[in-house]
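Notes to accompany the following structure.
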Amino acid sequence: MEEHETAGTNRGALPGTLENFGRDFQRRHHDTGKANNVYLRLKWMLIHYRFRPGQQLHIGELVEKLATSATPLREALTRLHAERLVTATPNKGFFAKILSSREMQSWYELAFLLLKQSLERKPVLMKREDELVLVHARVHLQAESKCHPDRSVSSYCHVIETIFEHISYWSCNDVIIDYVRNFNSQTRFVRAIDLEIQGNLEFIVGDMLELLEELKNSRADKAIANLKSQFTRKIARLDDLAKEGNARSLASESSHVFLRDISQ
């Protein structure tokens with residue numbers, strides 16, 4: 001009898017429990033979405049070095065400027081620290097990174113080895129979706145360089161990074177794919193600066209079009225040689241690119257970035 005009454009009590013409480021669970025789930029989902037939005041906005045700023053080199057990222061200041069609360073902000077900073085986009089010092093907090101040519105070189109050197117391995121695993125006969133990605137990238141690069149030579153370099157960066165990421169898919173290795181995605185993020189600022197330098201855009205786009213041609217014709221060895229040449233020249237320019245990047249970072253007014261729509 002006692003068991004029956006307990007069960008009955010539980011059945012009577014079930015609708016309310018489900019209702020509370022629904023509210024809790026919605027709250028958690030909302031909090032997760034909010035935290036992710038803070039993470040994405042802050043990541044965009046860090047990738048583009050919108051803080052002064054070595055600047056301490058004060059929770060109170062960022063909470064006010066990002067119109068958020070401390071919890072999602074700390075969660076975002078913790079994620080970004082794991083992604084090596086900020087540094088952290090015990091009992092002091094988080095800090096913006098200094099753009100280092102040596103670190104950028106490390107990213108490029110390992111990315112080349114992983115992309116090389118991916119290209120060596122590339123099937124001779126590509127899938128239809130692979131062909132479409134490469135064709136779309138070629139059309140986009142050609143159209144941008146001929147019709148919109150003065151357009152923001154962000155569109156070029158996006159296409160170049162998409163090509164690198166797609167090459168990594170041929171590795172069938174999630175660790176390699178994740179690394180290449182992280183490489184794209186970590187090197188985006190120097191990539192954009194490089195494209196802005198007079199004469200570089202046309203040269204870089206030409207290299208990428210040549211790479212796409214080698215991929216189209218399944219010439220993995222020549223595609224690897226193309227990437228090696230591109231990355232070697234990029235590494236040779238990293239000292240100058242890092243100096244320019246840190247100068248821009250020092251002059252950056254980060255308060256204007258908070259209003260940027262990250263979906264654009």
*Hey, does His140 have a side-chain heavy atom less than 4.5 Å from the side chain of His158?*
no

*Ser171 backbone acceptor or donor facing Arg121 side chain under 3.5 Å*: yes

*Could you go step by step and tell me if Leu46 and Lys97 meet the side chain to side chain contact (heavy atoms under 4.5 Å, CB included) rule?*
CA-CA 8 Å; Leu46 291 163; Lys97 293 179 69 173; over 6 Å; no

*Give a yes or no on whether a salt bridge exists between Arg79 and Glu75, defined as a side-chain N under 4.0 angstrom from a carboxylate O.*
no

_Side chain Ser100, main chain Glu103, donor-acceptor under 3.5 Å_ = yes

*asked:* Could you see if Leu77 belongs to whatever hydrophobic cluster contains Ile47? Use Ile, Leu, Val, Met, Phe, Trp, Tyr and a side-chain cutoff under 4.5 Å.
replied: yes

*Does CZ in Arg84 sit with more than 12 non-hydrogen atoms of other residues, nucleotides or ligands closer than 6.0 Å?*
no

*From the options Glu213, Glu214, Glu210, select the one residue that forms a salt bridge (charged side-chain N to carboxylate O under 4.0 Å, His left out) with Arg138.*
Glu213

*Report yes if the side chains of Leu42 and Leu73 come closer than 4.5 Å at any heavy-atom pair, otherwise no.*
yes

*asked:* Looking at every non-hydrogen atom in both residues, tell me the closest pair between Ile193 and Gly245 and how far apart they are.
replied: CD1-CA, 3.5 Å

*Nearest 0.5 Å, what's the NE2-CD1 distance between His166 and Ile177?*
10.5 Å

*Contact list for residues 184-217, test ring-ring contact (aromatic ring centres under 6.0 Å, His included), sequence neighbours left out*: Tyr49-Phe189

_Can you pull out every ring-ring contact (aromatic ring centres under 6.0 Å, His included) where at least one residue sits in residues 104-129? Sequence neighbours excluded, please._
Trp107-Tyr179, Tyr108-Phe183, Tyr108-Phe231

*Is there a path of hydrophobic side-chain contacts, each under 4.5 Å between heavy atoms of I, L, V, M, F, W or Y residues, that connects Val63 with Leu80?*
yes

_Name of the residue among Glu161, Gln186, Glu196 meeting side-chain hydrogen bond (donor to acceptor under 3.5 Å, both in side chains) with Arg191_ = Glu161

_Sequence neighbours excluded - ring-ring contact (aromatic ring centres under 6.0 Å, His included) pairs with any residue from residues 78-102_ = none

*Please name all residues satisfying side-chain hydrogen bond (donor to acceptor under 3.5 Å, both in side chains) with Gln230, sequence neighbours left out, ordered by chain then number.*
Asn226

*Would the number of heavy atoms belonging to other residues, nucleotides or ligands and lying under 6.0 Å from CD of Glu109 be above 12?*
yes

*Could you check if a side-chain atom of Val38 sits within less than 4.5 angstrom of a side-chain atom of Leu62, using non-hydrogen atoms only?*
no

*Within the side chain of Asn173, is there an N or O that forms a donor-acceptor pair under 3.5 Å with the backbone of Val175?*
yes

*asked:* Going by the rule side-chain hydrogen bond (donor to acceptor under 3.5 Å, both in side chains), which residues pair with Asp194 if we only count those two or more places apart in sequence or in a different chain?
replied: Asn200, Lys234, Arg237

*Do Asp130 and Lys122 sit within salt-bridge range, that is, some charged N less than 4.0 Å from a carboxylate O?*
no

*Are Asn184 and Thr162 close enough that some pair of their side-chain heavy atoms sits under 4.5 Å apart?*
no

*Work out which heavy atom in Leu119 is nearest to a heavy atom in Leu215; give both atom names and the distance.*
CD2-CD2, 3.4 Å

*asked:* So that I can tick it off, tell me whether Glu131 and Lys216 are bridged by a salt bridge, with the cut-off set at under 4.0 angstrom between side-chain N and carboxylate O.
replied: no

_From CA spacing to verdict: side chain to side chain contact (heavy atoms under 4.5 Å, CB included), Ile176, Ser118_ = CA-CA 9 Å; Ile176 290 178; Ser118 301; 3.9 Å; yes

_Minimum heavy-atom distance Val180-Ser168, with the two atoms named_ = CG2-CB, 3.7 Å

*asked:* Test: salt bridge (Lys or Arg N to Asp or Glu O under 4.0 Å). Region: residues 220-229. Which pairs qualify, not counting sequence neighbours?
replied: none

*What do the steps show when you test Ile204 against Ile160 for side chain to side chain contact (heavy atoms under 4.5 Å, CB included), and what is the final call?*
CA-CA 10 Å; Ile204 293 170; Ile160 291 170; 4.0 Å; yes

*Are Leu195 and Cys157 side-chain neighbours, meaning at least one heavy-atom pair lies under 4.5 Å?*
yes

_Ignoring hydrogens, what is the shortest heavy-atom contact between Leu66 and Arg41? Give both atom names and the distance._
O-NH1, 3.4 Å

*Does the Thr232 side chain pair with the main chain of Ser229, one donor and one acceptor, at a distance under 3.5 Å?*
no

*Treating Ile, Leu, Val, Met, Phe, Trp and Tyr as nodes and any side-chain heavy-atom pair under 4.5 angstrom as an edge, say whether Leu241 and Leu250 lie in one connected cluster.*
no

_Gap separating the CD atom of Glu202 from the CD atom of Gln198, nearest 0.5 angstrom_ = 11.0 Å

*Distance-minimising heavy-atom pair for Pro72 and Thr68*: CG-OG1, 3.3 Å

*Is Leu132 reachable from Ile163 through a run of I, L, V, M, F, W or Y residues, each pair having side-chain heavy atoms under 4.5 Å apart?*
no

*When you check the side-chain N and O atoms of Arg181 and Ser185, is any donor under 3.5 Å from an acceptor?*
no

_Flag, side chain of Glu120 to backbone of Leu115, donor-acceptor distance under 3.5 Å_ = no

*Say whether, by atom type as modelled, one donor and one acceptor occur between the side chain of Ser249 and the main chain of Phe51 under 3.5 angstrom.*
yes

*In one Ile/Leu/Val/Met/Phe/Trp/Tyr side-chain cluster, 4.5 Å: Val190, Ile98*: no

